[in-house]
Amino acid sequence: MTDAPDRTPEHILVGVAWPYASGPRHLGHAAGAYVPPDIFARYHRMAGNKVLMVSGSDMHGTPITVAADKRGMTARELAEENHANIADSFRRLGLNYDNYTTTLTPTHYRVTQDFFTTLLEKGYLFEATQTAMYDPQAKRFLPDRYVEGTCPHCGYEDARGDQCDNCGRTLDPIDLLTPRSKITGATPETRETSHFFLDLPQFQEPLAAWVDEASVNWRPAVTGFVRGWLNEGLRARAITRDLDWGVPIPLEGYDDKRIYVWFDAVIGYLSASIEWAEKRGEPDAWKAWWSLDGQGNPPGRAYYFIGKDNVPFHAIIWPAMLMGYGGLALPYDVPANEFLTLDGLKLSSSRMYTARLPFLPEALELFDADALRFFLTINAPESRDTDFSWDEFQRRNNDELVATYGNAVHRLLSFLQSRYGGVVPTPGDLSEADRAMLAQIDTAFSEVAAKVEKVHLRDGLRGVMDLASHLNRYLDEAAPWKSIKTDPERAATSMWTALQAISALRVLSAPFLPFSAETLHGYLADEGSVHALPWEPRELPAGRQLPVPAPLFRKLDDDELAGLLDRLKPIVVETGEPT
RNA sequence: GCCGACGUAGCUCAGCGGCAGAGCAAGGGACUCAUAAGCCCUUGGCCGGAGGUUCGAUUCCUCCCGUCGGCACCA
């Protein structure tokens, strides 16, 4: 067992996509954006780095106002209700944020308005008039996708104003034949309205230069997407809307307009960091992750974990905003995941799912968080869309998590109880096989670390499972249940060696499976929390009395799974998104 | 239509210039500490299609097909 090399702790900012508070999040969101950063952050904390993991609920925007209208609530009431539920799901999933907040806090409003004012003063914002669709009955402006009509290209009658679902063409709502509002059905009018625009073309050259350098280790899909936009040439983008729900514009005479969601949501990474510092009474503490030094170098690495739908905001717009504001660190990596599909179909936040319901509140009620985290990580959509099905979930749970890892732990700890009274035996001379097993532990620590550092989390978890497999093979070969009758010292040495592997698995699995790792930590009669341990092998000393263990994971049999899923009632989630 | 990523064993996915890989499923075997779990062996692939570059291509290039995503007021 080697000591971890001493090194200077790095400051790692872990930004997590801001869930939209329009309704519950589903397993696809968890797989894409929420579980991965938690694993990454937990690993870096154990590796001795200074981690700041921030996110919050994105409370503004049109869909929330639409959903609130339908439910007879205010937008604030609806957003706060959904935020509470999302935060509860995240807690049950074991997501360990340093600060999980919302975009409704005074700090967020202040920081957003400061960003707006600074960019305006520096000449990166301008005001211009545009034509927009207006619903005279609802008395509100309509985003493009809230207008529907007949597609001018293919004649499809239910085309949305932004895109035709039938022929796939990008549309302008003004071109729709017989347009109608998706909210009221009324015929929309066109109206002139004035808005502020972020002048992205000013950042074209600096962004291109930054991407050339920064993207060396980015995922191909992310780099490809960003280069695509840059090659087309960036266009200015409106950052305000005719709404009464959002961060107010910090200028006189704009009471009927608000800063729009996507602009203030990304600023949330900064405002949540500042809020974290304020809460702990060290108002400047956030700067250790954000402020560039005199030479313009970042203080550490900033990672933004998102789904692929969010790439333009995190790899183009937010970097441009940070450049414009000045003095703040740009992203180091934007490890965007692809999507999780359900039985081969794209998941939607608003669609109704009956007996297959994959929303987080229901999933967490029926299954252990670690079982869900295991599936979502071992089959994570890191380089392409991956599929979720309850059959596959059951299979991965039973044949991999339970059979390989859970069983390795349970067979050993049970045998220790029955034949050694639960006391860790004293080893004799180590055999070559014993030494190979111990060497495998060291290898696992370095390999899993290397994978996680590269944000290859599924490979990282695979590495943990590989060690469990090694342990199973080692045990079968050492067969202490045989040698205990013929050579007790040999059996004791095998037991001690195997227990060291269990002790390692408890540490190695902690970022991925935080609940079962803590349980196992208890079964090893260790002190404190497994999550406070350093990322290195931890010796389980001979002579320690261990408690009677229970299996770490539940096996899901067919009848039980079917019964659980049958209990789910169809649930309609009103998110305010146009369908 | 244009741009991008992806297409590898029955399934879920690695590999990305030098004899095609893993897990699961399927078939066989030895064992019994364990949630009938684990271990060993075997079966199984024109690496989407067609050209090209190369001594050599699953890997690099071109075209085609398919899936997904983007095309800027969805976030």
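We name chains A, B, ... by the order of the sequence lines, and we start the count at 1 in each one.
Closest-nucleotide positions on RNA chain B for A:F415 and A:T193 were compared, and the one nearer the 5' end corresponds to A:F415. Projected onto RNA chain B by closest heavy-atom contact, A:S418 and A:L230 fall at different nucleotides, the more 5' of which corresponds to A:S418.
For residues 187-204 of chain A, the salt bridge (charged side-chain N to carboxylate O under 4.0 Å, His left out) pairs, not counting sequence neighbours, are A:E189-A:R191. Pairs of residues two or more places apart, or lying in two chains, that qualify as side-chain hydrogen bond (donor to acceptor under 3.5 Å, both in side chains) and include a residue from residues 455-473 of chain A are A:R411-A:N472. Applying the salt bridge (charged side-chain N to carboxylate O under 4.0 Å, His left out) definition to pairs two or more places apart or across chains, those involving residues 215-240 of chain A are A:D212-A:R227, A:E232-A:R235. Contacts classified as ring pair (Phe, Tyr, Trp, His ring centres under 6.0 Å) and involving residues 394-420 of chain A (residues at least two apart or in different chains) are given here: A:Y405-A:F553.
Among residues two or more places apart in sequence or in another chain, the side chain to side chain donor-acceptor pair (under 3.5 Å) test is passed with A:K308 by A:E338, A:D385. Among residues two or more places apart in sequence or in another chain, the side chain to side chain donor-acceptor pair (under 3.5 Å) test is passed with A:T377 by none. For the side-chain contact (heavy atoms from CB on, under 4.5 Å) test, residues two or more places apart in sequence or in another chain that qualify with A:A492 are A:P425. Considering only residues two or more places apart in sequence or on other chains, A:F196 meets the ring pair (Phe, Tyr, Trp, His ring centres under 6.0 Å) condition with A:F116, A:Y254.
In RNA chain B, runs of at least 3 stacked Watson-Crick or G-U pairs (N1-N3 plus N6-O4 or O6-N4, or N1-O2 plus O6-N3, all under 3.5 Å) give these stems: B:1-7 with B:65-71, B:10-13 with B:21-24, B:26-29 with B:39-42, B:48-52 with B:60-64.
One side chain, A:Y269 or A:H314, offers a donor N or O that lies under 3.5 Å from an acceptor on the other. In this structure, a donor-acceptor pair under 3.5 Å is present between the side chains of A:Y260 and A:T62.
In this structure, A:W18 reaches neither bases nor backbone, as no heavy-atom distance under 4.0 Å exists between it and the strands shown. Residue contacts for A:D58: at a heavy-atom cut-off of 4.0 Å it reaches the sugar-phosphate backbone alone, with no base atom in range. Residue contacts for A:L552: at a heavy-atom cut-off of 4.0 Å it reaches a base atom on one of the strands shown.
Aromatic pair A:W18/A:F313: ring centres not closer than 6.0 Å.
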Please list, pair by pair, any protein nitrogen or oxygen found under 3.5 Å from a nitrogen or oxygen in nucleotides 57-61 of chain B.
none

Output one line per pair: protein atom, nucleotide atom from nucleotides 13-15 of chain B, and distance, for all N/O pairs under 3.5 Å.
from, atom 1, to, atom 2, distance (Å)
B:C13, OP1, A:D387, N, 3.2
B:C13, O2', A:R458, NH2, 3.1
B:A14, OP1, A:S383, OG, 2.5
B:A14, OP2, A:R384, NE, 3.2
B:A14, OP2, A:R384, NH2, 2.6

Every protein N/O within reach of nucleotides 38-42 of chain B N/O, cut-off under 3.5 Å:
from, atom 1, to, atom 2, distance (Å)
B:G38, O2', A:R411, NH1, 3.0
B:G38, O2', A:D476, OD1, 3.2
B:G38, N2, A:D476, OD2, 2.7
B:G38, N3, A:D476, OD2, 3.4
B:C39, O4', A:D476, OD2, 3.1

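With both ends at atom C1', the span from B:G38 to B:C33 equals 10 Å, rounded to whole Å.
Put simply, the side chain of A:D368 never gets that close to the backbone of A:A371: no donor and acceptor are under 3.5 Å apart. Looking at A:K139, its side chain never comes within 3.5 Å of a backbone N or O of A:Y134 through a donor-acceptor pair.
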